[in-house]
There are 2 protein chains.
Amino acid sequence: MSLRHAILGILSIQPMSGYDLKKVIDESVGHFWSADQSQVYRTLAGLVEDGLATRRTVVQEERPNLHLHSPTDLGLAELDRWLTSPLKTPPTRDPFLARLFFADRLPPEEIRGLLETRRREVGEQLAALEAIAVPAGSADDLGRVLRLATLSYGISQARAELDWLDDTRRRLERITS
Amino acid sequence: MSLRHAILGILSIQPMSGYDLKKVIDESVGHFWSADQSQVYRTLAGLVEDGLATRRTVVQEERPNLHLHSPTDLGLAELDRWLTSPLKTPPTRDPFLARLFFADRLPPEEIRGLLETRRREVGEQLAALEAIAVPAGSADDLGRVLRLATLSYGISQARAELDWLDDTRRRLERITS
DNA sequence: CACCCATATTGGACACCACATATATGTGCA
DNA sequence: TGCACATATATGTGGTGTCCAATATGGGTG
């Protein structure tokens with residue numbers, strides 16, 4: 001369960017509501033983490049229940065009330081504990097590769113279609129990553145450098161995949177022609 | 001739920017028991033798919049229940065009975081349907097990047113530690129991929145080419161990540177020195 | 001006026017999966 | 001004798017997550 005920690009991390013930068021959190025997750029950390037809206041609220045409730053965060057209700061007259069969440073000292077300690085705990089890498093599980101593995105059941109043009117669709121998707125993904133703006137800051141701001149690094153990770157993986165797609169397409173053409 | 005389809009795919013190549021299936025998954029498709037043992041049996045039971053596979057019991061005197069599973073025509077049809085159905089790419093969810101994103105809470109040497117640990121892991125992963133033997137076959141066997149492609153995917157992604165790790169480490173050293 | 005969108009939170013149902021544990025037995029090693 | 005390991009299947013439990021839908025209201029567009 002790392003959504004707890006991702007949320008604690010975001011709240012440690014800026015206290016916010018579940019609604020804001022969902023938006024920040026989609027926009028700022030969406031390239032390496034995602035969360036369902038209802039899961040955000042449930043996780044937030046769990047954090048409060050476990051004493052890792054506090055909830056402050058802000059009454060809004062024209063809107064539903066806002067629940068601003070902040071990490072407690074316990075929450076920040078848990079965040080730091082997580083940051084240095086041994087990390088168990090989740091097993092890769094890639095439906096695209098799964099299909100490609102069994103794709104010899106398909107006619108060659110369908111296989112080409114699989115690769116072309118993937119090329120389009122990865123291209124779009126790459127464009128999206130390159131469009132993400134990281135707030136300006138001094139070049140030696142550690143936080144900024146780290147956030148840029150997570151972005152460039154995605155970009156370099158996407159580029160490598162495009163190269164691989166070219167290679168693979170070429171190899172397939174050689175044997176299906 | 002794609003485990004169903006991965007299992008149907010494997011069974012379409014060779015009927016086998018849940019026990020064998022678990023081994024094949026770990027050894028042959030482990031670089032892009034994994035499955036818990038109990039999940040394999042449950043999924044297999046589900047496939048039989050839904051008429052996508054049949055179970056043939058092979059009585060063994062000195063061992064527990066073997067349940068050999070084969071896909072039915074319906075199962076093969078479902079496999080082919082899945083192979084060409086629109087593929088929804090699951091959101092990436094990378095705990096390592098999540099940590100790196102918030103790692104400015106840590107002292108610089110801990111951040112270096114994160115990167116070094118990752119470097120070792122990716123290096124091991126790369127070595128494991130390069131060690132996987134793909135059964136020999138003619139160079140124009142479509143299935144073989146596709147299976148090699150899924151392997152080379154993992155290899156190219158791992159290499160790109162090693163390059164990125166070098167870059168990132170260099171950038172961090174420049175600002176924390 | 002009707003409709004959709006944005007704001008904001010919550011709950012039910014269900015899927016999938018991991019972890020632990022149970023059962024049964026043969027082989028080989030110390 | 002005892003232990004671990006391989007073969008082989010199955011269940012219980014709980015955690016994490018998605019999908020869908022309900023609720024409430026203001027603002028903008030057709």
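These figures come from a predicted structure and were not determined experimentally. The chains referred to below are lettered A, B, ... by the order of the sequence lines, with proteins before strands, and numbering in each begins at 1. All values below come from the heavy atoms of this structure, side chains included, with hydrogens, waters and symmetry mates left out.
Salt bridge Arg159(B)/Glu130(B): present, at least one basic N to carboxylate O contact under 4.0 Å. Classification of Asp26(A) and Lys23(A) as a salt-bridged pair fails, no side-chain N sitting under 4.0 Å from a carboxylate O. Glu78(A) and Arg81(A) are joined by a salt bridge, as a carboxylate oxygen and a charged side-chain nitrogen come within less than 4.0 angstrom of each other.
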Filtered N/O pairs between nucleotides 21-23 of chain C and protein, under 3.5 Å:
none

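Residues satisfying the ring-ring contact (aromatic ring centres under 6.0 Å, His included) test with Phe96(B), not counting sequence neighbours, are none.
In this structure, Lys23(B) atom NZ and dC5(D) atom P are separated by 16 Å, rounded to whole Å. In this structure, Asp26(B) atom CG and dA6(D) atom C1' are separated by 15 Å, rounded to whole Å.
The 5' end of DNA chain D is approached more closely, in terms of each residue's nearest nucleotide, by Asp20(B) than by the other of Asp20(B) and Arg42(B).
Residue-to-nucleotide contacts include no donor-acceptor pair under 3.5 Å from the side chain of Thr43(B) to the base of dC16(C). Applying the 3.5 Å distance criterion, the base of dG15(D) shares no donor-acceptor pair with the side chain of Arg4(A). Judged by distance alone, with hydrogens and angles left aside, Ser38(A) brings a side-chain donor or acceptor within reach of the base of dC19(D), the pair sitting under 3.5 Å.
With dC19(C), dC16(C), dA8(C) as the choices, the nucleotide that has an atom nearest any side-chain atom of Gln39(B) turns out to be dC16(C). The side chain of Leu3(B) lies closest to dC17(C), out of dC17(C), dT18(D), dA8(C). Residue Arg93(A) places its side chain closer to dC17(C) than to any other of dT18(D), dA8(C), dC17(C). Which of dA18(C), dT18(D), dT10(C) sits closest to the side chain of Asp36(A) comes down to dT18(D).
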I'd like to know whether Arg144(B) forms a salt bridge (charged side-chain N to carboxylate O under 4.0 Å, His left out) with Asp104(A), so could you lay out the CA-CA distance, the side-chain angles of the two residues, the decisive distance to 0.1 Å, and finally the verdict. CA-CA 9 Å; Arg144(B) 186 181 139 85; Asp104(A) 56 329; over 6 Å; no

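Remark: Tyr19(A) is not in phosphate contact with dT9(C), judged by side-chain N or O atoms under 4.0 Å from OP1 or OP2. Neither OP1 nor OP2 of dT9(C) sits under 4.0 Å from any side-chain N or O of Arg55(A).
Scanning all heavy atoms of the two residues, the minimum distance from Arg119(B) to Leu165(B) falls at CA-CD1, 3.6 Å.
For Glu161(A) and Tyr153(B), the side-chain atoms include at least one donor-acceptor pair closer than 3.5 Å.
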